[in-house]
Amino acid sequence: MGGAVNRAPQRWSGRDDGPGLEHLRWHHVVGSDDSADLAFLGFRSDEGVRRNKGRPGAADGPRALRQALASMALPGPLSAVDVGDVEVVGTALEDGQQRLGEAVTGLLDDGKFVVVLGGGHEIAYGSYLGVAGSARVRSGAKLGVLNLDAHFDLRADETPSSGTPFRQMAEQEQQRGEDLHYAVLGISQPSNTKALFDTADKLGVSYLLDDDCGPSNPAVDEFVDSFLASCDVVYLTIDLDVLPAAVAPGVSAPAAYGVPLETVQRVCDRVASSGKLVLCDVAELNPELDVDNRTARTAARLIHRITTQHTRR
């Protein structure tokens, strides 16, 4: 990955109940073995959130996510590697996104399932660059982007931010003569202007409103299944502000309503077990604003579910 990653990985540590597989936790299996099937990569940035006039602090998200995940008990053995962090230096967001893309491409082409720990939702454009540049997609595999989010993040601002990544993706795909296959689950109507809904319709974005994401609503499974059926390779991005503020208070823009955790977890399970997921990232955790590490623990549980579901396929 060359110089793309500019912060070396730190050793994971956590609760230890003794030796043996019956006591296995994440910190026991995350190391520096490049042959591991699963790779964790951090993206330390809140420059995009700052530009989007949100509450800064997400740059420390990767540390909090690793810490929350480290002591979680594993259902069985697996191998994972932590390759460190891509850190945005000063205001050089665009450089950081390019480096994140380079790192992700290298890991994917090495056959790894990649989890990127953010970071503001500007992480999404860097992650997209990584998947779009991977050998599978360049060879013709159809890429689908599924976003669990209260916001479209399709702003047309000239300066890239946490509010523009999917507009940037759409423009990049258009340059390749393709349409962005983009779906969003959890859209909050009061949090998105009519202009953003019009942009989503113009770009052919599929979306499901948070009002329609109740735990027992069959529309959720139908929406996810339809998305999965229409692509070969999936990039899943989770903006934690999709969750209710009581569950995820430590984000740049807490949700007044949100999608129930039960629904979000069910969607993650469905995508992870599809055989099409190659990359997942988690965005907008702001440890400075978290209450009792509530948001970090919730996010870590989702990462835990996704990775263990994926490895059990």
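Residue numbers start at 1 and run along the sequence shown.
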Any donor-acceptor pair under 3.5 Å linking the side-chain atoms of Ser134 with those of Asp109?
no
Got a donor-acceptor contact below 3.5 angstrom from the Thr199 side chain to the Ala195 backbone?
yes
Can you tell if the side chain of Leu148 reaches within under 4.5 Å of the side chain of Leu243, non-hydrogen atoms only?
no
So does Asp34 get a backbone contact from the side chain of Lys112, meaning a donor-acceptor N/O pair under 3.5 Å?
yes
Assess, by modelled atom type and distance only, whether the side chains of Gln189 and Tyr257 contain a donor and an acceptor separated by less than 3.5 Å.
no
Flag for Asp239-His151: side-chain donor and acceptor within less than 3.5 Å:
no
Is the gap between the ring centers of Phe152 and Phe197 under 6.0 Å?
yes
Can you see whether His121 engages Thr237 through a side-chain donor-acceptor pair at a distance of less than 3.5 angstrom?
yes
Short side-chain to backbone donor-acceptor contact, Lys142 and Ser230, under 3.5 Å
no
Do you know which two heavy atoms are closest between Arg55 and Pro254, and how far apart they sit?
NH2-CG, 3.3 Å
Strictly below 4.0 Å, N to O, side chains only: are Asp85 and Arg63 in salt-bridge contact?
no
To the nearest 0.5 Å, tell me how far Met72 CE sits from Arg305 CZ.
11.0 Å
Would a 4.5 Å heavy-atom cut-off, applied to side chains only, mark Ile306 and Ile238 as touching?
yes
Ala272 and Gln309 have their tightest heavy-atom pair at CB-CB, 3.7 Å
Evaluate the side-chain proximity of Glu122 to Val49: yes if any heavy-atom separation is below 4.5 Å, no if none is.
yes
Check for a donor-acceptor pair, side chain of Asp33 on one end and backbone N or O of Val81 on the other, with a separation under 3.5 Å.
no
Nearest non-hydrogen partners of Val83 and Val5, listed with the distance:
O-CG1, 3.4 Å
When you compare the side chain of His181 with that of Val145, does any pair of heavy atoms fall below 4.5 Å?
no
Are the charged groups of Glu47 and Arg50 less than 4.0 angstrom apart, N to O?
yes
Rounded to the nearest 0.5 Å, how far does CG of Asp149 lie from CD of Glu284?
8.0 Å
Closest approach of Ser45 to Leu93 (non-hydrogen atoms, all atoms of both residues)
OG-CD1, 3.8 Å
Do Asn147 and Tyr207 have a side chain donor and acceptor closer than 3.5 Å?
no
Under a 3.5 Å threshold, yes or no: a donor from one side chain and an acceptor from the other, between Asp157 and Thr164?
no
Hey, what do you get for OG1 (Thr263) to CG (Asp210), rounding to the nearest 0.5 Å?
11.0 Å
